[in-house]
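Structure, as structure tokens:
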Amino acid sequence: MIAAAPPSLPAIETLTIQPVGGRWRVTSSDGLFEGVFTDAKSAVQCARAEAEAHPGHAIQIVPSS
């Protein structure tokens, strides 16, 4: 009897939120999603909605320097 291969886990994609020139940018590590927002709250809300819609996505917030 040959054992079946274990199911593969979904790839982890990262949604990064970072300040850029007075605005907030959300980008995905796979390059398929990007958005620019006027405030951090809107950027976080969008990133959360995107992560909930796509299992395996994690959110990373990059503080301003």
Side-chain angles (χ1 to χ4, degrees):
M1 175 184 224
I2 299 174
S8 61
L9 297 174
I12 300 293
E13 299 294 341
T14 304
L15 294 166
T16 303
I17 304 168
Q18 61 186 2
V20 177
R23 302 204 186 263
W24 291 83
R25 179 178 294 171
V26 178
T27 55
S28 63
S29 58
D30 60 6
L32 297 176
F33 181 83
E34 181 173 291
V36 178
F37 302 86
T38 57
D39 58 80
K41 181 178 178 182
S42 297
V44 170
Q45 286 176 337
C46 179
R48 283 185 179 159
E50 188 70 12
E52 288 175 5
H54 302 282
H57 279 62
I59 298 173
Q60 172 185 5
I61 300 175
V62 177
S64 58
S65 43

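Quantities reported herein were computed from a predicted structural model and do not represent experimental measurements. Heavy-atom basis, side chains included; hydrogens, waters and symmetry copies ignored.
Checking side-chain atoms of H54 against main-chain N and O of A51 turns up no donor-acceptor pair under 3.5 Å.
Sorted pairs that involve residues 19-52 and meet ring-ring contact (aromatic ring centres under 6.0 Å, His included), not counting sequence neighbours, are lacking altogether.
Put simply, the side chain of T16 does not reach to within 4.5 Å of the side chain of V26, judged on heavy atoms. R48 is listed as a side-chain neighbour of I59, based on a closest heavy-atom distance under 4.5 Å. Between I17 and V62, the closest side-chain pair of non-hydrogen atoms is not below 4.5 Å.
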What do the steps show when you test E13 against S29 for side-chain contact (heavy atoms from CB on, under 4.5 Å), and what is the final call? CA-CA 6 Å; E13 299 294 341; S29 58; 2.7 Å; yes

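Of all non-hydrogen atoms in S42 and D39, the two that sit nearest each other are N-OD1, 2.8 Å.
Rounded to the nearest 0.5 Å, atoms CD (E50) and OG (S28) are 7.5 Å apart. For the atom pair CD (Q18) and CD (Q60), the distance works out to 8.5 Å, reported to the nearest 0.5 Å. Note: D30 CG to L15 CG = 8.0 Å, rounded to the nearest 0.5 Å.
In this view, Q45 and K41 satisfy the side chain to side chain contact (heavy atoms under 4.5 Å, CB included) rule, not counting sequence neighbours. Scored by the side chain to side chain contact (heavy atoms under 4.5 Å, CB included) test, R25 finds V20, T27, E34, V36 as partners (sequence neighbours excluded).
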